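What you are looking at is a predicted structure, and each value in this text was computed from that prediction instead of being measured.
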Amino acid sequence: QSINSMDETSDWVEHTHQVIRNASEIEKLVLDMETGERGFLITGKNEFLKPYEIGKNSLPKILDETKNLILDNPAQIENLKKINHSILFWQTEAAIPEIEFRREVNQLTRTMEDVRALVEKGKGKQIMDDIRDQLLHFKMIEEGLMTTRITATHKEVKFTNSVIIIGTIFIILFSHALSLLLSDAISKPVKLLKLTIKDMGLEIFPSKAQIESDNNLADLEKDFKILADKIKSKAG
């Protein structure tokens with residue numbers, strides 16, 4: 001039971017590690033999206049949008065995987081929903097409008113001043129800062145769970161070690177006591193038979209069976225008694 005409990009706790013520790021790794025991956029993808037978007041705003045070249053597109057396409061899968069990992073934690077599910085909502089809000093309210101403005105600059109229907117004025121409103125930065133704070137809060141909760149579960153694992157290891165040590169000591173003591181008991185049960189009848197044979201050599205014959213227990217040694221002693229009676233009868 002101790003080993004099973006320790007194994008289960010260890011699984012929860014690995015589970016928490018995976019949730020934290022997923023959160024870090026979400027954070028990386030969001031950062032890549034932001035970096036790609038900024039690169040496009042500066043250069044106007046579509047190849048700079050590649051990290052943005054990769055992040056946008058990869059986020060739904062990793063968010064869904066993370067949600068499945070934390071189904072046992074309603075509070076964290078709610079936190080993850082807020083993170084997802086903030087990412088979508090950043091895209092619709094900041095990234096997409098800024099990207100469209102920059103494309104219009106390429107088409108000569110807007111100027112870089114228009115793009116700069118939109119960016120300087122700071123809406124995108126504020127939303128992105130909120131996303132970082134939400135991800136930090138999400139990971140801090142998981143790290144708190146990690147600490148609790150690692151502590152529980154250490155306690156399980158100590159308890160299991162104690163069970164093994166105490167159990168081993170008990171088995172050794174029990175085996176020793178049992179061996180003494182069996183040794184006494186065997187040596188005592190053997191000694192009685194030895195004395196009986198010695199007495200018979202001196203023509204002293206037992207009047208009754210001395211071994212009363214129900215085992216082979218008792219049967220052997222009874223056979224000796226019968227033999228002694230026969231020898232005594234012939235001697236008489």
Side-chain angles (χ1 to χ4, degrees), residues 1-41 47-100 119 121-164:
Q1 288 177 347
S2 298
I3 292 172
N4 288 339
S5 179
M6 185 172 62
D7 188 51
E8 183 180 350
T9 306
S10 178
D11 288 342
W12 276 112
V13 170
E14 176 55 32
H15 172 273
T16 309
H17 273 301
Q18 186 60 53
V19 174
I20 293 174
R21 285 195 292 267
N22 281 25
S24 296
E25 179 65 17
I26 292 169
E27 189 173 22
K28 177 183 178 299
L29 290 172
V30 171
L31 179 61
D32 288 347
M33 290 176 69
E34 183 184 30
T35 302
E37 187 237 0
R38 285 179 177 176
F40 178 73
L41 293 182
E47 56 263 34
F48 282 87
L49 281 177
K50 188 175 180 180
Y52 175 87
E53 296 296 335
I54 291 175
K56 184 178 69 173
N57 295 330
S58 301
L59 274 170
K61 181 180 178 181
I62 191 71
L63 285 165
D64 190 54
E65 287 178 358
T66 307
K67 179 183 177 182
N68 289 333
L69 286 172
I70 58 175
L71 289 175
D72 62 307
N73 193 332
Q76 282 293 70
I77 290 178
E78 190 61 33
N79 289 331
L80 188 65
K81 285 180 180 178
K82 291 178 181 178
I83 292 169
N84 187 28
H85 178 269
S86 295
I87 294 171
L88 295 175
F89 187 63
W90 173 76
Q91 289 179 260
T92 57
E93 296 297 319
I96 294 175
E98 290 170 3
I99 290 170
E100 290 302 320
V119 172
K121 288 181 179 179
K123 193 169 187 178
K125 180 181 182 305
Q126 181 181 354
I127 299 171
M128 192 57 68
D129 288 343
D130 288 341
I131 293 172
R132 292 190 180 94
D133 289 341
Q134 289 167 358
L135 282 166
L136 178 62
H137 178 66
F138 183 89
K139 288 197 287 186
M140 285 179 64
I141 292 175
E142 290 299 322
E143 286 168 359
L145 290 172
M146 173 75 72
T147 301
T148 300
R149 287 164 179 170
I150 288 176
T151 301
T153 300
H154 290 164
K155 288 181 179 179
E156 291 291 345
V157 169
K158 289 181 179 179
F159 180 72
T160 302
N161 288 338
S162 298
V163 170
I164 292 172

Between E34 and R38, is a salt bridge (Lys or Arg N to Asp or Glu O under 4.0 Å) present by the stated rule, with each step listed?
CA-CA 6 Å; E34 183 184 30; R38 285 179 177 176; 3.0 Å; yes
R149 bridged to E14 by N-O distance under 4.0 Å:
no
Stepwise side-chain contact (heavy atoms from CB on, under 4.5 Å) test for M33 and L59
CA-CA 10 Å; M33 290 176 69; L59 274 170; 3.5 Å; yes
Quick one: does I70's side chain get under 4.5 Å of L80's, heavy atoms only?
yes
Enumerate the salt bridge (charged side-chain N to carboxylate O under 4.0 Å, His left out) contacts for residues 68-88, please, sequence neighbours excluded, ordered by first and then second residue.
none
For K139 against S24, the heavy-atom pair lying closest together
NZ-OG, 3.6 Å
The reported gap from CD in Q126 to OG in S86 (rounded to nearest 0.5 angstrom) is 11.0 Å
Working to the nearest 0.5 angstrom, can you tell me the gap between L29 CG and I62 CD1?
7.5 Å
Would you call the rings of W12 and H15 parallel, tilted or perpendicular if under 30° counts as parallel and over 60° as perpendicular?
perpendicular
Between M128 and V30, does a side-chain contact (heavy atoms from CB on, under 4.5 Å) hold up when you go through it step by step?
CA-CA 9 Å; M128 192 57 68; V30 171; 3.3 Å; yes
Specify the closest pair of heavy atoms between P97 and Q91, including all atoms of both residues, with the distance to one decimal.
CD-O, 3.8 Å
I need the L49 CG to I99 CD1 distance, nearest 0.5 Å.
5.0 Å
If you measure from NE2 on H17 to CZ on R21, what distance do you get to the nearest 0.5 Å?
7.0 Å
Working to the nearest 0.5 angstrom, can you tell me the gap between D64 CG and L69 CG?
10.0 Å
Roughly how far apart are N73 CG and L145 CG, rounded to 0.5 Å?
6.5 Å
Do N22 and Q18 pair up side chain to side chain, a donor and an acceptor below 3.5 Å, judged on atom types alone?
yes
Closest non-hydrogen atom pair between G39 and F48, with its separation:
C-CB, 3.7 Å
Between I54 and D32, does the side-chain contact (heavy atoms from CB on, under 4.5 Å) criterion hold? Intermediate values first, please.
CA-CA 8 Å; I54 291 175; D32 288 347; over 6 Å; no
For a salt bridge (Lys or Arg N to Asp or Glu O under 4.0 Å) check, start with the C-alpha distance between K56 and E53, then their side-chain angles and the critical distance, and finish with the verdict.
CA-CA 5 Å; K56 184 178 69 173; E53 296 296 335; 3.2 Å; yes
Hey, is the main chain of F138 close enough, under 3.5 Å, to the side chain of Q76 for a donor-acceptor pair?
yes
Charged N to carboxylate O below 4.0 Å: is that the case for R132 and D129?
yes
Option among T16, I20, V19 that satisfies the side-chain contact (heavy atoms from CB on, under 4.5 Å) test with E143
I20
On a heavy-atom basis, which atom in A94 and which in G124 lie closest, and how many Å separate them?
CB-CA, 3.4 Å
Treating S58 as the side-chain partner and G55 as the backbone partner, does any N or O pair qualify as donor plus acceptor under 3.5 Å?
no
